[in-house]
Structure formats: structure tokens, C-alpha cells
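FYI, side chains are in, hydrogens and waters are out, and symmetry mates aren't considered; it's all heavy atoms of this structure.
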Amino acid sequence: MPRWAIVSLCSLAAAALYWSPALWHWSETGFGDWQQFQHQWEASYVSVVRYGEAPLWNPWHCGGVVLFGDPQLQAYSPLFWLVLPFGTTHGLKLFLLIHTAIGFAGMYRFAQRRMGLGPWPSVMASLVWAGSGFFAWHGSGGHSAFLPFYFVPWLLLAWHAAARDVRYVAAVVAILALTVLEGGVYPFPYFCLLLAFDGIYRIARRDNAKGVVRAGLFTLPLMLLACGFRLLPILDTMAHYPRPTSGGDKLSLQEVIAMLTSKEYDYGFPGHEYVWAEYGTFIGWIALLLGLAGVVLAWQRRPPTSAHRGSDRPHRQVVLGLVFFGLMMMGSVSKLHPWTLLHALPIYGSLRVPSRFAVLFTFYLALCAGVTVQWMLGRLATLNVPVDLWAWRRAFPVLLTLSVVLHLAWGNAEVIDRWRGAPLPPVDRSARYEITSMGEYGSYASFPARGVSTQGCYTGMTYPAAPGLRVGRVPQARMAGDARAESRVTWLGRTANTMAIEVESKGGTLVVNQTWARGWSSSIGTVAAGDNGLLEVRDLPEGTQTVRLRYRPETLSAAIGVGSAGLVGTLLMWLVPTWRRRRPRIRPN
């Protein structure tokens, strides 16, 4: 069997073991923010299955809210459509499983290809990073948009390859575009920073500086085009619904050690505005000590050689990455700390919780742990041991790996085992649309299937639910003011992106029990925002007519155009250099 197939199968098995509680409770929904993300998946799923419409508007949240421009929307990811036939509960668990397997395999390959580590040290690096508490806390807590962080090693592999061969710019752009399509509101800006850090270091070290600059010059415009399908509506949404954050959180060195080694903590984190789930990054003392020892070994000009070819070169970039992203993770320790400076930049100013940089900090720490194991194996290989102890030397990497696995399981097992939510009901095709109270948030993911919406909002953006929303089985449309008594309004029904209302009146304004947003248009009259935040159709003529409302994002056409141009450009970036390289030369007679 090819090596890549073995690595893929082992990574899939590791991912299945890691998330075995989710697979064991196959039809049960997740904990915490999984209700929010599964609600988005359900809104997209119901839009497609019940109405045959693209996911543009979500009528089942906030009395109606923008879906296409939501930064965390994952409905346009290819993986979403791949798992869609399984339904959202099973699909999300497969989504989780696939990303985790990608992370295990990517870290193993990165450690071997870029670090020159052997099989067992690469396994160690993969386990410490992809099996860390960062993914346990955020994965079990419902931060589905954080799963693209598992692409980190593959992104760096593609970035390094692009400096040698410009075709691999297409791979870099494809990973970044997939990250944006998967709602990677944190992974995408983190990835841009990671590529900038890596590129600046290599240019400063004159490590194929021309290749790095060339790759960057091609990557930037292609990235903006390919990601434009999502970036345009996201930036438009953020411009109208800004997400200001203080960014003032900070960590001490003692708290960082607690993040990495504490199995249990109170729900709150004393002295911090966020809960412990935002900080928990358990890797355990064994992995931490291996990583700290690896910092020293990786910095050496020529570390002690080992049996694996290429392992005797220094890895100072790994140490600098550990320090840089560690300082980022610590937050606003001072006015000159990297996080404070980063938070003053556009886009990055909307990010909060600097402790989320733990995902990149532990990436480099795990590589350092692999360096330590490589050094230990090299030292063991040079020792003259009796024949009866030779088997123990062979068993050492197995026992060390097993100890780290058991330690990770001890620290993260209870965190991962949080799949006890009620299964979702089947899609009710005859459901009557109505607004319900926020008291039903525990069943939030079921709203689209049931056909109900919520009066309040639970989202990372500053979406305002209309204060005039009416709860319960009330008419979803009515005439405003004095015209109400002399009119007849009949609600004909709705889809995800449309509404139909029959109105018999002497003219006036039609009020719809729906939060107003830009993008709504009407077949008759003019759509406007009412004083109470509800959607209004003004200037209706006298008589009987059917008012048809439709939602179409203002950025939809531009997003499709820019995204299509990016897709074509990315394909050409991969194909044209290959075609030119293989094109036969015609020699003159």
C-alpha cells in the first residue's frame, strides 16, 4: 500500500478515535455554540431541500437576518455539499471528522518534509498539535468555523512549494479560498499573518527570497479574486454591522502554563472577560517538557545528528514562530506587544480573544516536541547496549508516544464527550411561520425544520432584531395606521428568500413581521425600514394586488463575477506553467 494511503487511513482512524463520543452518539446534537452553527447549516439545508433556493436569507433567526453576508456561513464550502445528503447532524460530524484527519495527516507530512523528522517524531508532532485541547474545546463547543485551522500544515507546505514552483500558488489560493468558504473568520486572517511571518523570515534569511517574493506577488491578487465570492458580502455586512472589540485581554506566563496543563477549570476564568473554553489548550506536562527541550535543540546551529537524513539542520524559524505567536496569544500585555499593534489594523481590529492564537503557538511547540524525540532517538542509536536491552530501545518511541496519547486522553476526554443534545425533527414542509421567544434557544438548531424564527439574536455580529417583532401565531402582515380597519391582508406564504401577500386596501403602507435589511425588493410599492425596525412596503396603490417580496443581496452579482475570475485565474496558474513546460519545442530546419 502506498505511504500516502497508510498515512491517510491512520489519520482517519486517529480522528475517529479522537471524536468517538460524537460518533457514538451519532444522531444527537452538540453542546454550546453547536446550536448556532447547526442552525446555520439547517437554514441552508432547508433553503435547498424545502424551497430549492440558494442560502441567501435566514428567516429563522432575529425575525430574519442576512445569511449570504454572514462571515461564519459554511453553506458554500464544497465539503458542505459533500456531506449534505447525510443531513446536518450527521453531516456536521463528518465535517468535523474530515477536518481532524486532514490536520493529523498534514502535521505528519509537514514534520517529515519541512523539518526532516523521522516517522515517530512526526507522529509525536501530529498528536500534540492535532490532538491538543485547543481543538477539543473549540470542536466540542461548536466553533465549527475554527475547523479550517487544521489546514495550517498544508498551507505552509503549499507556500514553501510555491517559492520553488509558481504553480503551487494555485494550491495556496485554493486553501485560503476554502477557508473563507468555510466561514473561517479567524483562520483566514490568521493564515494571512502566518504566511507574512514565514515569508519575511525567509526573505531576511535569503532563503530563496526571489521565489518567496514571486509567490507573494501572484498569491495576493489571486487570493483576493478567488476569495471575493465571500469577502465582498462579508466586508459589506461588516461595514453595516460593525463588530467593535476592546482587545484588552491579556495572559501571564503562569496562565499560559495553566492553559497547556490544566485538565479542569471553573467555567469562568478569573480576571478575564471570556470563559475557560476560550483558553483551554491542554497538551499535558509530558508534551510541554518535550516542546521546551526542543526549543533549545531547534535553535542550535547544528543539533546532534540522528539517523534521519536532514535532521541536523537548525530550525530557528520554528523557535521564532513559537515566540511570535506566543506573544500574540498573551494579548495586550503592553502597548508594544504584537497583539496590541495587530489589533490597530483594519479587519484585525474586529478580532477578539487573543488566546485563540494558541492554535499557532501549539503548532510550533508540537514541532519542537518532535525535534526533541528525534534527538532522543539519535542519542539512543549511538549507545552501545547489551543485546537483551536492544528490544527496549526499539520500544522507546512506542512507549513515549503511548504516554503522550494517554495523557492527552486524560486531559481532553471529558471535554470532547459533549454530544447529548436532542436530535432534530424532520423538516416540516407544512409548517406555519411564526416568531418565538429567545427562551427556546436550547432548541435553536431545530427552528428552520419547524419553520419558526426567534425574537432575539445570538451571533458574533451586531445584527439588530426589529423591536417591533410580534411573537406567536399572529398575522405576519398588516396595513399600517388607519388603513388597517378598511383593508384585508392575506398571508399567502413564504420561502427562504421570498414572501407573497395579497392586499385589498385603499392604499398605504404594508407592515411585514420581518426584520428589515438591505436587499429586499417588492413587485409593488417601495421597500423601506419602519420606525420599529420592521420591513415595510410603502406607496401601495388602491385595489387588490399580490405583493411579492424578494431578497437578493446587493453584492451577489459582483461576488459571483469576482469569484469566477479568481477560480479561472487559479486554474490557469496551475495549468499554464505546466503546459508551457511540456510544450514540445519546434526546431528550425
Side-chain angles (χ1 to χ4, degrees), residues 1-20 100-101 103-133 135-136 153 260-261 263 282-298 303-312 315 318 362-363 365-413 416:
M1 184 181 292
R3 181 180 297 179
W4 67 265
I6 296 174
V7 172
S8 299
L9 290 175
C10 291
S11 299
L12 188 60
L17 182 62
Y18 189 75
W19 294 111
S20 55
T100 305
F104 275 113
M107 189 58 159
Y108 179 86
R109 186 167 180 82
F110 185 87
Q112 284 203 317
R113 291 289 298 271
R114 295 303 306 172
M115 299 290 293
L117 302 183
W120 281 110
S122 299
V123 167
M124 178 65 71
S126 179
L127 287 171
V128 172
W129 182 66
S132 71
F135 292 109
L260 300 171
T261 60
K263 175 186 176 182
F282 182 89
I283 61 171
W285 278 106
I286 300 175
L288 178 59
L289 293 175
L290 289 173
L292 293 177
V295 171
V296 178
L297 295 170
T305 58
S306 69
H308 194 270
R309 183 180 179 183
S311 62
D312 59 344
H315 302 298
V318 174
T362 52
F363 175 79
L365 187 63
L367 291 174
C368 289
V371 170
T372 301
V373 175
Q374 185 77 16
W375 176 83
M376 296 170 75
L377 293 179
R379 297 293 294 176
L380 283 175
T382 62
L383 295 178
N384 294 320
V385 296
V387 176
D388 56 343
L389 294 179
W390 184 78
W392 286 103
R393 186 173 66 182
R394 293 287 299 272
F396 171 76
V398 179
L399 295 175
L400 182 60
T401 301
L402 184 61
S403 67
V404 171
V405 169
L406 293 176
H407 202 184
L408 286 170
W410 174 81
N412 293 321
I416 293 171

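- Taking OG from Ser132 and CG from Leu260, the interatomic distance works out to 9.0 Å, rounded to the nearest 0.5 Å.
- Between the side chain of Thr100 and the main chain of Ala15, no donor-acceptor pair closer than 3.5 Å is present.
- Between Val123 and Pro119, the closest side-chain pair of non-hydrogen atoms is not below 4.5 Å.
- Rounding to the nearest 0.5 Å places OG1 of Thr362 at 13.5 Å from CZ of Phe282.
- Pairing each heavy atom of Ala125 with each of Met107, the nearest pair is O-CG, 3.6 Å.
- The two residues Val128 and Ala287 make their nearest non-hydrogen contact at CG2-CB, 3.8 Å.
- Side-chain atoms of His315 and Val371, non-hydrogen and from C-beta on, do get closer than 4.5 Å to each other.
- Within the 4.5 Å cutoff, the side chain of Met115 has heavy atoms near those of the Val318 side chain.
- Atom CG of Leu400 and atom OG of Ser403 lie 4.5 Å apart (nearest 0.5 Å).
- Proximity of Leu408 to Tyr18: side-chain heavy atoms (C-beta onward) are nowhere separated by under 4.5 Å.
- Leu117 contributes atom CG, which lies 10.0 Å from atom OH of Tyr108 (distance to the nearest 0.5 angstrom).
- Distance CH2/Trp4 to CG/Leu9: 8.5 Å, rounded to 0.5 Å.
- In this structure, the side chains of Ile283 and Val404 stay at 4.5 Å or more apart for every pair of heavy atoms.
- The closest donor-acceptor contact from the side chain of Ser126 to the backbone of Phe104 lies under 3.5 Å.
- When all heavy atoms of Ser122 and Ala111 are compared, the pair lying nearest together is OG-CB, 3.5 Å.
- The CG atom of Leu297 sits 11.5 Å away from the CG atom of Leu292 when rounded to the nearest 0.5 Å.
- Thr401 contributes no side-chain N or O that, together with a main-chain N or O of Val398, makes up a donor-acceptor pair within less than 3.5 Å.
- Side-chain contact between Phe110 and Phe363 is present, with at least one heavy-atom pair separated by less than 4.5 Å.
- Side-chain contact check for Val373 versus Pro397: every heavy-atom pair is 4.5 Å or farther apart.
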Practice item. For the pair Met124 and Leu290, evaluate side chain to side chain contact (heavy atoms under 4.5 Å, CB included) and give the outcome as yes or no after the intermediate values. Key: CA-CA 10 Å; Met124 178 65 71; Leu290 289 173; 4.2 Å; yes
Practice item. Dump the intermediate steps for side chain to side chain contact (heavy atoms under 4.5 Å, CB included) on Phe396 and Leu377, then the final yes or no. Key: CA-CA 8 Å; Phe396 171 76; Leu377 293 179; 4.0 Å; yes
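- Shortest non-hydrogen contact noted between Pro153 and Gly103 is CG-O, 4.4 Å.
- At least one side-chain heavy atom of Thr372 sits under 4.5 Å from a side-chain heavy atom of Met376.
- Closest approach of Thr261 to Gly284, counting heavy atoms only: CG2-C, 4.3 Å.
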